[in-house]
Amino acid sequence: MTRFLAVIRRLFLAGLVSLCLILLLLRVSFSSLIADAITHSNVREWYSVFFLAAPILYLVVLIISVSYVRKHGQFAAVHASKPYFSSVF
């Protein structure tokens, strides 16, 4: 389960980094990404949905992953003794 959560977390982190690169380097406007995500009729527009959902889903999977590791991880006792915020980083 930890492997699955790690892969999913990295997938959404890659989407978050890609969103930042698209917005900053390619200078695509956020409103055009939202417009593409609403229509989503071709592959480019489906990627817009992924890029816009990636930050939210990354945070959700990160919280689930940290909670799972604190409860069932290899060093669960060590993680449980630390504050939750320190386990995230």
Side-chain angles (χ1 to χ4, degrees):
M1 184 68 170
T2 56
R3 179 71 180 149
F4 174 74
L5 288 172
V7 169
I8 297 297
R9 189 177 66 239
R10 288 180 184 129
L11 175 73
F12 291 128
L13 179 61
L16 177 64
V17 169
S18 299
L19 176 66
C20 293
L21 292 176
I22 286 171
L23 293 175
L24 296 176
L25 296 181
L26 297 180
R27 295 196 172 100
V28 174
S29 69
F30 196 73
S31 60
S32 69
L33 277 176
I34 292 174
D36 286 345
I38 290 172
T39 57
H40 61 274
S41 61
N42 61 24
V43 174
R44 179 178 149 246
E45 293 165 349
W46 277 104
Y47 275 114
S48 296
V49 173
F50 171 70
F51 293 143
L52 291 174
I56 297 164
L57 293 173
Y58 174 71
L59 290 175
V60 169
V61 172
L62 180 68
I63 290 169
I64 292 170
S65 180
V66 168
S67 299
Y68 183 82
V69 166
R70 286 175 60 92
K71 180 90 172 169
H72 302 289
Q74 185 175 3
F75 299 106
V78 174
H79 288 290
S81 67
K82 295 179 181 179
Y84 189 84
F85 189 72
S86 68
S87 295
V88 172
F89 296 107

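Numbers for residues simply follow the sequence, beginning at 1.
In this structure, the side-chain contact (heavy atoms from CB on, under 4.5 Å) partners of Leu21, at least two apart in sequence or on a different chain, are Val17, Leu25. Scored by the side chain to side chain donor-acceptor pair (under 3.5 Å) test, Ser29 finds Ser31, Ser32 as partners (sequence neighbours excluded). Partners of Leu59 by side-chain contact (heavy atoms from CB on, under 4.5 Å), not counting sequence neighbours: none found. Residues that satisfy the side-chain contact (heavy atoms from CB on, under 4.5 Å) test with Val60, not counting sequence neighbours, are Ile64. Listed by chain and residue number, Arg9 satisfy the side chain to side chain donor-acceptor pair (under 3.5 Å) test with Ser65 (two or more places apart in sequence, or in another chain). Taking Leu24 as the reference, nothing meets the side-chain contact (heavy atoms from CB on, under 4.5 Å) condition, with sequence neighbours excluded.
Residue pairs satisfying the side chain to side chain donor-acceptor pair (under 3.5 Å) criterion with at least one member in residues 14-28, sequence neighbours excluded, are absent. Sorted by first then second residue, the side chain to side chain donor-acceptor pair (under 3.5 Å) pairs that include residues 50-60, not counting sequence neighbours, number zero. Contacts classified as salt bridge (charged side-chain N to carboxylate O under 4.0 Å, His left out) and involving residues 29-42 (residues at least two apart or in different chains) are given here: Asp36-Arg44.
Interatomic distance, Leu19 CG to Tyr47 OH, rounded to the nearest 0.5 Å: 15.0 Å. Atom CG of residue Leu26 and atom CG of residue Leu23 lie 9.0 Å apart, to the nearest 0.5 angstrom.
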Should Leu11 and Leu57 be marked as a side-chain contact (heavy atoms from CB on, under 4.5 Å) after you check the CA-CA gap, both sets of side-chain angles, and the distance that decides it?
CA-CA 10 Å; Leu11 175 73; Leu57 293 173; over 6 Å; no

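At a threshold of 4.5 Å between side-chain heavy atoms, the hydrophobic network of Ile, Leu, Val, Met, Phe, Trp and Tyr places Val49 and Ile22 in two separate groups. Under the 4.5 Å side-chain contact rule for hydrophobic residues, Val7 and Leu62 do not share a cluster. In the hydrophobic clustering of this structure, Phe51 groups with Ile34; members are Ile, Leu, Val, Met, Phe, Trp, Tyr whose side-chain heavy atoms approach within less than 4.5 Å, directly or through other members.
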